[in-house]
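Data block below; observations after.
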Amino acid sequence: MSDYIIKPKRTPDEDGTVLTVTPESAGWSYVGFQVAKLAEGQTLTRESGDQELCIVLLSGLANVATRSQTWDNIGKRMSVFEKIPPYAVYVPCSDRVEITALTNVELAICSASGHGTYPARLIAPEDVGVEMRGYGNLERQIHNILPEQKEADSLLVVEVFTPDGHWSSYPPHKHDRDALPEESLLEETYYFRVEPEQGFAIQRVYTDDRSVDETLAVNNGEVVLVPCGYHPVSAPPGYEVYYLNVMAGPTRTWRFQNDPDHDWLMKPS
């Protein structure tokens with residue numbers, strides 16, 4: 001199996017965690033990511049330490065509290081494939097967050113370096129920008145949960161719905177050079193869900209010189225690490241593909257370069 005794919009645990013940890021990526025385990029510097037699945041009544045607690053967190057309620061209803069704020073009965077969708085924007089909570093560094101499940105809950109814990117610049121806040125569905133991107137079988141639905149226009153120190157968080165038979169993160173693009181204003185250096189995780197769940201997605205991760213050239217078959221519930229290179233995604237016919245992206249780097253801005261061989265696809269005929 002490729003080192004770029006992280007598989008979930010068969011049995012959750014005591015606090016519901018099924019998948020963990022740390023900068024140390026990924027071999028990079030900025031992005032951390034976890035997925036937890038909570039049963040009704042179960043509580044998960046995290047200290048943010050020197051990290052800022054974005055808690056994304058992928059599905060289910062929950063009460064969420066930090067040291068200074070409480071939000072009760074948040075959540076709306078019971079499946080990511082309802083395709084409505086999620087609830088999320090931004091948590092600064094040196095804080096604590098507690099999530100108590102009111103139903104079965106799946107949540108993502110996105111993390112990167114924090115400086116305590118902004119207070120904890122709720123990101124409600126109406127705060128999430130929704131857009132359709134691409135054309136034809138490149139079209140996909142985007143939910144901008146924590147884009148660079150919204151307050152955070154490091155994190156960028158977005159979710160993407162790719163219809164069956166479509167491509168996304170396409171034309172292939174990369175953001176692996178600290179070369180602003182042309183390109184920013186951003187590490188990235190892709191957390192995949194597939195409907196029906198026995199399906200798979202295809203993701204390619206490759207560099208110009210092909211020192212990295214991986215073509216990955218990604219199953220439901222797995223994470224792909226993108227430390228560098230281009231990283232397009234394909235949804236096979238008959239299967240819808242969802243992924244949650246987490247990005248962070250030395251500068252909180254998303255500036256990318258398309259693969260020159262495929263940049264012509266930006267101009268539909």
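All values below were derived from every heavy atom in this structure, side-chain atoms included, with hydrogens, water molecules and symmetry-related copies excluded. Positions are given from 1 along the sequence.
- Leu61 contributes atom CG, which lies 13.0 Å from atom OG1 of Thr100 (distance to the nearest 0.5 angstrom).
- A donor-acceptor distance shorter than 3.5 angstrom exists from the side chain of Thr207 to the backbone of Val212, with no hydrogens or angles considered.
- Sorted by first and then second residue, the ring-ring contact (aromatic ring centres under 6.0 Å, His included) pairs with a member in residues 227-253 read Phe161-Tyr242, His173-His231, His175-His231, Tyr190-His231, Tyr190-Tyr243, Phe192-Tyr243, Tyr206-Tyr230; sequence neighbours excluded.
- Salt bridge present: Arg67 and Glu47 bring a charged side-chain N and a carboxylate O closer than 4.0 Å.
- From Ser111, atom OG reaches atom CD of Glu52 across 9.0 Å, with rounding to the nearest 0.5 Å.
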Does the pair Asn63 and Ile99 meet the rule for a side chain to side chain contact (heavy atoms under 4.5 Å, CB included), with working shown?
-> CA-CA 6 Å; Asn63 296 335; Ile99 303 103; over 6 Å; no
Chi angles and distances behind the side chain to side chain contact (heavy atoms under 4.5 Å, CB included) call for Thr17, Leu44 = CA-CA 9 Å; Thr17 304; Leu44 179 146; 4.3 Å; yes
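- Contact of the Asp213 side chain with the Arg204 side chain is registered, since non-hydrogen atoms from C-beta on lie closer than 4.5 Å.
- Shown are Glu183, Glu182, Gln257; of these, the side chain to side chain donor-acceptor pair (under 3.5 Å) with Arg177 is made only by Glu183.
- The residues Glu195 and Lys83 are annotated as not salt-bridged, no charged nitrogen and carboxylate oxygen being separated by less than 4.0 angstrom.
- Panel note: side chain Ser184, backbone Arg255; a donor-acceptor pair is recorded below 3.5 Å.
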Would Glu159 and Arg77 satisfy salt bridge (Lys or Arg N to Asp or Glu O under 4.0 Å), going step by step from the backbone distance to the final call?
-> CA-CA 14 Å; Glu159 62 181 14; Arg77 64 192 188 188; 2.9 Å; yes
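- For the residue pair Leu155 and Ala152, the shortest heavy atom distance occurs at O-CB, 4.0 Å.
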Verify side chain to side chain contact (heavy atoms under 4.5 Å, CB included) between Tyr87 and Val89, making sure each step is shown before the conclusion.
-> CA-CA 7 Å; Tyr87 278 83; Val89 173; over 6 Å; no
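- Residue Pro163 comes nearest to Ala235 through the heavy atom pair O-CB, 3.4 Å, listed as atom of the first residue, atom of the second, then distance.
- By the 6.0 Å contact criterion, CD on Gln198 is enclosed, its count of non-hydrogen atoms from other residues, nucleotides or ligands being greater than 12.
- Closest approach of Arg252 and Leu146 over heavy atoms only: NH2-O, 3.5 Å.
- The backbone N or O of Arg96 sits nowhere less than 3.5 Å from a side-chain atom of Thr66 that would complete a donor-acceptor pair.
- Gln69 places none of its side-chain heavy atoms less than 4.5 Å from the side chain of Leu122.
- Arg193 is not listed as a side-chain neighbour of Leu58, based on a closest heavy-atom distance of 4.5 Å or more.
- Criterion: ILVMFWY side-chain heavy atoms under 4.5 Å apart, direct or through other members. Under it, Tyr90 and Leu107 are not part of a common hydrophobic cluster.
- Under the 4.5 Å side-chain heavy-atom criterion for grouping Ile, Leu, Val, Met, Phe, Trp and Tyr, Val35 is connected to Val56 within one hydrophobic cluster.
- Tyr191 and Phe33 have tilted rings, their planes meeting at an angle from 30° to 60° on a 0 to 90° scale.
- Of the inter-residue distances, the one linking Glu106 atom CD with Ser79 atom OG reads 9.0 Å to the nearest 0.5 angstrom.
- With rounding to the nearest 0.5 Å, the separation of CZ in Arg133 from CD in Glu139 is 12.0 Å.
- Distance check: Leu216 CG to Phe200 CZ gives 12.5 Å after rounding to the nearest 0.5 Å.
- Here Thr251 pairs with nothing under the side chain to side chain donor-acceptor pair (under 3.5 Å) rule; sequence neighbours left out.
- A chain of hydrophobic side-chain contacts below 4.5 Å, direct or via other Ile, Leu, Val, Met, Phe, Trp or Tyr residues, connects Val64 to Leu53.
- Residue Val21 is not grouped with residue Leu185 when hydrophobic side chains (ILVMFWY) are merged at heavy-atom distances under 4.5 angstrom, including chains of intermediate members.
- A side chain to side chain contact (heavy atoms under 4.5 Å, CB included) with Val218 is found for one member of Val241, Val224, Ile202, Val233 and no other, namely Val224.
- Within the 4.5 Å cutoff, side-chain heavy atoms of Glu222 are placed close to those of Pro8.
- Side-chain contact check for Pro92 versus Tyr118: every heavy-atom pair is 4.5 Å or farther apart.
- With Asp209 contributing its side chain and Ser211 its backbone, the two residues share a donor-acceptor pair below 3.5 Å.
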Run the side chain to side chain contact (heavy atoms under 4.5 Å, CB included) check on Asn219 and Val194 step by step: do they pass?
-> CA-CA 7 Å; Asn219 296 311; Val194 181; over 6 Å; no
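- The number of heavy-atom neighbours closer than 6.0 Å to CD of Glu197, taken from other residues, nucleotides and ligands shown, is 12 or below.
- We find the NZ-CG distance between Lys150 and Leu156 to be 13.5 Å, quoted to the nearest 0.5 Å.
- Between the side chain of Glu188 and the backbone N or O of Asn245, no donor-acceptor pair lies under 3.5 Å.
- Asp153 places no side-chain N or O within 3.5 Å of a backbone atom of Gly114 that could act as its donor or acceptor partner.
- Across all their heavy atoms, Thr20 and Ser25 have their closest contact at O-OG, 4.5 Å.
- Two rings, from Tyr30 and Trp28, have their centers 6.0 Å or more apart.
- Using a 4.5 Å cut-off between side-chain heavy atoms of Ile, Leu, Val, Met, Phe, Trp and Tyr, with links allowed through other members, Val105 and Ile55 fall into the same hydrophobic cluster.
- Leu38 and Gln42 get closest at one heavy-atom pair: CA-OE1, 3.4 Å.
- Contact detail for Ser48 and Ser94: the closest heavy-atom pair is OG-N, 3.2 Å.
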